[in-house]
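Below is one structure; the comments refer to it alone.
Proteins get letters first, then strands, A, B, ... in listed order; numbering begins at 1 in each.
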Amino acid sequence: MVQRLDYLKETPSQTAGPYVHIGLVPNALGNPGIYPEDLGRSPILPGAKGEPITLTGRVIDGAGMILRDALFESWQADAAGIYPGNDPRGTADPKVTGWARVAADFDSGIWRLDTIKPGRVPFPDGRLMAPHIAVWLVARGINLGLQTRIYFEDEAEANAQCPVLARIEHVERRATLLARKTGPGAYEIDFRLQGEGETVFFDM
Amino acid sequence: MTKPNSVDRGPLFFRDRDWHPAAYTPGYKTSMTRAPHRALVAMGSTLSEETGPAFGHSMIGELDNNLVMNFTGQPAIGERIIMHGRVLDENGRGVPGVLVEMWQANAGGRYRHKKDGYLAPLDPNFGGCGRTLTGPDGSYEFLTVRPGAYPWPNHVNNWRPMHIHWSIFGSGFGQRLITQNYFQGDPLIDLCPIVNTIGKQEAIDVLVAALDMNRAIPMDCLAYKFDIVLRGRRQSFFENRKEGM
Ligand SMILES: [Fe+3]
């Protein structure tokens with residue numbers, strides 16, 4: 001016999017279900033009167049340093065259907081690559097909160113995130129990761145929130161050096177994480193849950 | 001959004017994917033087209049997962065954790081219960097100052113949502129969501145009504161056991177978790193395809209809140225205890241030191 005390790009087990013996940021908006025964005029759902037405003041409406045405040053960008057996209061299932069009940073949260077560094085809050089390397093731009101809650105439109109399924117392009121953040125070994133926004137996606141039918149990242153196609157040099165992108169063995173799949181530039185400061189990226197062009201999801 | 005916690009910096013424990021539900025669980029039909037088919041890309045956490053948003057007490061309203069009263073100020077109908085417990089990490093430490101949000105159906109099993117057409121009536125005094133921040137020891141508490149069971153379209157005649165949905169933040173974005181609790185003694189738990197997306201009975205059992213008569217208030221409300229455990233962090237000085245310390 002050996003000593004027992006006394007770690008606890010993480011609480012098992014359950015799907016967020018079709019009514020996640022009641023709990024997380026009740027005002028956007030049309031249930032005003034409980035909270036003065038929904039949390040995570042924007043990851044930046046007016047005056048945030050950096051390049052303002054708009055990201056739009058859809059969440060698409062394995063049958064090609066656009067999800068209208070999907071919701072994700074985004075988390076990103078400021079333009080200098082510092083995370084707000086508990087980044088051990090320093091204090092972030094006070095105009096960057098870094099976190100947003102983004103719900104797909106109930107009719108079109110299109111989501112939109114207005115933010116600034118984040119700076120590069122170091123990987124644990126000190127190499128720099130490419131600019132990216134971390135995403136945690138939930139919906140009915142998703143049993144455990146999906147972790148993915150949004151990178152930018154116009155950061156080719158940084159992307160080529162990113163140790164996380166390099167970890168994706170199937171090189172052609174890296175493109176599923178790249179937001180396509182569609183205009184000045186405008187990017188588009190879909191999350192494909194399954195099948196053709198399936199988005200890379202992480203366990204990290 | 002402030003309040004850094006200086007101890008909460010280490011790399012995250014890996015997730016035990018056999019303990020969580022699998023992504024593809026045909027008993028729960030919607031998962032069949034929404035489960036990724038490709039293997040997840042696995043690697044250790046980075047700063048992007050180890051840091052995360054923090055929330056301050058200033059944003060929490062006085063009635064935010066009181067679902068009986070927080071919609072109209074008039075009491076909601078149903079069996080009054082206290083839901084309480086602690087948010088811990090896998091190291092067994094209480095996690096202070098984390099945002100706990102929850103949502104649920106009313107006592108009749110009806111959600112306040114435009115997509116819910118169940119014939120049970122809305123309660124004009126029940127909004128259906130609440131939130132709070134954990135105390136210094138990770139503890140939290142809500143006053144609510146016990147949600148009703150409700151039918152849902154999956155296989156014919158599937159009913160969800162009584163449950164509350166929970167959304168929890170840790171100190172790192174990679175600890176983000178959504179789950180549900182069930183209630184001790186509910187015979188619908190064993191029949192539920194969503195519950196049974198979890199493969200291990202032992203893992204299902206930790207989602208079943210226990211009746212807690214020590215926290216019940218005589219002539220007022222019953223109480224159920226539901227502890228929530230988030231991914232742990234490695235606590236070692238010998239971590240990713242390039243210089244070989
Ligand atoms: Fe539910």
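- Using a distance-only test at 3.5 Å, with no hydrogens or angles considered, a donor-acceptor pair links the side chain of B:Tyr28 to the main chain of A:Gly141.
- For a residue to count as touching a neighbouring chain, one of its non-hydrogen atoms must lie under 4.5 Å from one of that chain's; by this rule B:Met59 touches chain A with the side chain only.
- The shortest non-hydrogen separation linking A:Asn143 to B:Ala22 is ND2-O, 2.8 Å.
- In this structure, chain B has heavy atoms under 4.5 Å from both the backbone and the side chain of A:Glu73.
- Contact of the A:Gln194 side chain with the B:Met32 side chain is not registered, since no non-hydrogen atoms from C-beta on lie closer than 4.5 Å.
- You'll find the side chain of B:Arg38 stays beyond 4.5 Å of the side chain of A:Thr199, heavy atoms only.
- Each of A:Leu144, A:Val138, A:Asp61, A:Ile22 has some count of heavy-atom pairs under 4.5 Å with chain B, and the biggest count is that of A:Ile22.
- Put simply, the side chain of B:Arg34 reaches to within 4.5 Å of the side chain of A:Leu67, judged on heavy atoms.
- Of all the listed residues (A:Val20, A:Asp6, A:Ile142), the one sharing the greatest number of non-hydrogen pairs under 4.5 Å with chain B is A:Val20.
- In this structure, chain A has heavy atoms under 4.5 Å from both the backbone and the side chain of B:Asn70.
- Interatomic distance, A:Leu24 CG to B:Cys129 SG, rounded to the nearest 0.5 Å: 9.0 Å.
- Of all heavy-atom pairs spanning A:Glu10 and B:Trp19, the tightest one is O-NE1, 2.8 Å.
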**Request:** Take B:Glu90 and A:Lys9, measure what salt bridge (charged side-chain N to carboxylate O under 4.0 Å, His left out) needs, and give me the verdict at the end.
**Result:** CA-CA 6 Å; B:Glu90 289 172 287; A:Lys9 298 289 286 183; 5.9 Å; no
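- Counting heavy-atom pairs closer than 4.5 Å to chain B, the top residue among A:Ile133, A:Leu5, A:Asp69, A:Thr148 is A:Asp69.
- Residues B:Leu177 and A:Ser13 have side chains in contact (heavy-atom distance under 4.5 Å, counting atoms from C-beta outward).
- The contact between B:Asp227 and chain A is made entirely by backbone atoms, counting heavy-atom distances below 4.5 Å.
- If you measure heavy-atom distances from B:Leu88 to chain A, the contacts under 4.5 Å come from the side chain alone.
- More than 12 heavy-atom neighbours from other residues, nucleotides or ligands sit within 6.0 angstrom of CD on A:Glu172.
- When B:Val206, B:Val195, B:Leu12, B:Ile168 are compared by the number of non-hydrogen pairs under 4.5 Å with chain A, B:Val195 comes out ahead.
- Between chain A and the options B:Ile194, B:Ile228, B:Leu230, B:Thr72, heavy-atom pairs under 4.5 Å are most frequent for B:Ile194.
- Heavy atoms of B:Gln180 lying under 4.5 Å from chain A belong to its backbone as well as its side chain.
- Taking the six-membered ring for Trp and the full ring otherwise, the centers of B:Phe169 and A:Trp136 sit at least 6.0 Å from each other.
- Crowding of B:Lys225 atom NZ: a count of heavy atoms from other residues, nucleotides or ligands under 6.0 Å exceeding 12.
- When side chains are defined from C-beta on, A:Thr97 does not count as touching B:Pro53, because their heavy atoms never get closer than 4.5 Å.
- Heavy atoms closer than 4.5 Å to chain B are found in both the backbone and the side chain of A:Val164.
- In terms of non-hydrogen atom pairs under 4.5 Å with chain B, the most contact-rich of A:Arg140, A:Glu37, A:His21 is A:Arg140.
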**Prompt:** Which is it for B:Phe71 and A:Ile34 under the side-chain contact (heavy atoms from CB on, under 4.5 Å) test, yes or no, and what are the steps along the way?
**Reply:** CA-CA 5 Å; B:Phe71 195 46; A:Ile34 304 166; 3.5 Å; yes
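- No side-chain heavy atom of B:His113 sits under 4.5 Å from any side-chain heavy atom of A:Pro18.
- Per-residue heavy-atom pair counts under 4.5 Å with chain A were compared for B:His165, B:Lys115, B:Lys200, B:Arg112, and the maximum is reached by B:Arg112.
- There is no contact between A:Thr91 and chain B, counting heavy-atom distances below 4.5 Å.
- Relative to the six-membered ring of A:Tyr35, B:Arg131 meets both conditions, a distance below 6.0 Å and an angle of at most 45° to the axis.
- Interface remark: of the candidates B:Asp64, B:Asp89, B:Asn91, B:Asp64 forms the most heavy-atom pairs closer than 4.5 Å to chain A.
- The choice from B:Thr197, B:Leu67, B:Thr46 that makes the most heavy-atom pairs within less than 4.5 Å of chain A is B:Thr46.
- Aromatic pair B:Phe173/A:Tyr83: ring centres not closer than 6.0 Å.
- To the nearest 0.5 Å, the span separating CG on A:Leu146 from CG on B:Leu40 amounts to 7.5 Å.
- Heavy atoms of A:Arg89 lying under 4.5 Å from chain B belong exclusively to its side chain.
- Atom CG of A:Leu39 sits about 6.5 Å away from atom CG of B:Leu99, to the nearest 0.5 Å.
- For the pair A:Glu198 (side chain) and B:His37 (backbone), a donor-acceptor distance under 3.5 Å is present.
- Within a 6.0 Å radius of CD in B:Glu202, other residues, nucleotides and ligands contribute 12 heavy atoms or fewer.
- Using bins of under 30°, 30° to 60° and over 60° for the plane-to-plane angle, the ring pair A:Trp99/B:Phe55 lands in the perpendicular bin.
- Between chain B and the residues A:Met65, A:Glu169, A:Arg149, the most heavy-atom pairs under 4.5 angstrom are made by A:Arg149.
- Looking at B:Ala23, only its backbone comes within 4.5 Å of chain A, counting heavy atoms on both sides.
- Taking 4.5 Å as the limit, some side-chain heavy atom of A:Pro88 sits within range of a side-chain heavy atom of B:Leu47.
- Side chains of B:Ile198 and A:Gln14 form a contact here, defined as non-hydrogen atoms less than 4.5 Å apart.
- The contact list for residues 101-113 of chain A toward chain B, using heavy atoms and a distance under 4.5 Å, reads A:Arg101, A:Phe106 by residue number.
- Here CG of A:Asn86 is found 9.5 Å from CD of B:Glu50. Values are rounded to the nearest 0.5 Å.
- Under 4.0 Å is where a charged nitrogen must lie from a carboxylate oxygen, and between B:Arg9 and A:Asp87 no such pair does.
- With a 4.5 angstrom heavy-atom cutoff, A:Pro94 does not touch chain B via any of its atoms.
- In this structure, chain B has a heavy atom under 4.5 Å from the side chain of A:Pro26, while its backbone stays farther away.
- Within the model, atoms CH2 of A:Trp75 and OG1 of B:Thr51 stand 5.0 Å from one another, a figure rounded to the nearest 0.5 Å.
- The main-chain N or O of A:Pro12 is never found under 3.5 Å from a side-chain atom of B:His20 such that the two would form a donor-acceptor pair.
- To the nearest 0.5 angstrom, B:Ser48 atom OG is 10.5 Å from A:Gln76 atom CD.
- Ion pairing between a basic and an acidic side chain is recognised when a charged N comes within 4.0 Å of a carboxylate O; B:Arg17 and A:Asp203 show such pairing.
- With chain A as the partner, the residue from B:Gly128, B:Ala35, B:Gly92, B:Gly52 showing the most heavy-atom pairs under 4.5 Å is B:Gly52.
- For B:Leu207, the part lying under 4.5 angstrom from a heavy atom of chain A is the side chain only.
- At least one donor-acceptor pair under 3.5 Å links the side chain of A:Thr11 to the backbone N or O of B:Val229.
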